[in-house]
> 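I'd like to ask you about the structure that follows.
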Amino acid sequence: MDLGPVELTDYDDAVLSIVERVPRGRVTTYGAIADALHDVFGGGPRAAARVMSQHGSNVAWWRCIRSDGTLPAWLLDEARQAWLEEGTPLRPSGAVDVGRALWVPS
DNA sequence: ATCCTGACGCTAT
DNA sequence: AATAGCGCCAGGA
C-alpha cells in the first residue's frame with residue numbers, strides 16, 4: 001500500500017501543472033483550464049475546481065480564480081493579500097481585473 | 001445504479 | 001450591482 005502523498009490522477013496533475021505555470025501577478029480561471037484540458041480529459045470548470053479544492057494548498061492557488069475575478073468568501077482575504085503583493089491587476093471592487101490579468105494556458 | 005454535493009459559468013431578472 | 005435558475009459533471013456515499 002502506498003501510504004505516501006494522496007494519489008493524484010493524471011487529470012489532477014494536468015490541472016496543477018497549469019496553475020504552476022501561471023506567472024506571478026497574473027491569473028487563470030477554472031473555465032480556461034477546463035477548456036485547455038477538455039479535448040484530452042473531458043470535464044468542465046467544476047472538475048478543475050474540484051482539483052483545487054483538494055490539492056490547491058500546495059500551489060499558488062490564488063492565481064486560479066472564477067471567471068468574475070473572485071474566489072469563495074472564505075478565501076478572499078488571503079487571496080487579496082497575495083494579489084496585492086504580486087501586483088495583480090485589481091478592480092475598484094477588489095476583484096481581479098480578469099481582462100487585464102488573465103493568463104491562458106497554451 | 002441513484003442521490004447529493006460542489007474553490008463553476010452563463011443567462012435572465 | 002445582486003440574485004436566481006439552470007446546465008454541467010466528477011466523486012463519494
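Just so it is clear: chains get the letters A, B, ... in the order the sequence lines come, proteins before strands, and each one is counted from 1. Hydrogens, waters and symmetry mates play no part in the numbers below; they use all other heavy atoms, side chains included.
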> Tell me, please, which residues at least two apart from A/S106 pass side chain to side chain donor-acceptor pair (under 3.5 Å).
none
> Which part of the nucleic acid, if any, lies within reach of A/W61 when heavy atoms closer than 4.0 Å are counted: base, sugar-phosphate only, or nothing?
base
> State whether the side chain of A/R91 and the backbone N or O of A/V96 hold a donor-acceptor pair below 3.5 Å, judged by distance alone.
no
> Taking A/T28 for its side chain and A/W103 for its backbone only, find out whether a donor-acceptor pair lies under 3.5 Å.
yes
> Indicate whether any N or O donor in one side chain lies under 3.5 Å from an N or O acceptor in the other, for A/E86 and A/W62.
yes
> I need the A/T70 OG1 to A/R80 CZ distance, nearest 0.5 Å.
9.0 Å
> Which residues within residues 46-58 of chain A lie with some heavy atom under 4.0 Å of an atom in DNA chain B?
A/R46, A/A49, A/M52, A/S53, A/G56
> Please report, rounded to the nearest Å, how far the P atom of B/dG6 is from the CH2 atom of A/W74.
8 Å
> In whole angstrom, what separates A/I33's CD1 from B/dG9's C1'?
14 Å
> Can you tell me if the side-chain N/O atoms of A/S67 get under 4.0 Å from OP1 or OP2 in B/dC8?
no
> Quickly work out the A/D12 CG to C/dC9 C1' distance and round it to whole Å.
15 Å
> A/W83: which residues meet the side chain to side chain donor-acceptor pair (under 3.5 Å) condition with it, sequence neighbours left out?
none
> Can you find a donor-acceptor N/O pair under 3.5 angstrom joining the side chain of A/Y30 to the base of B/dA7?
yes
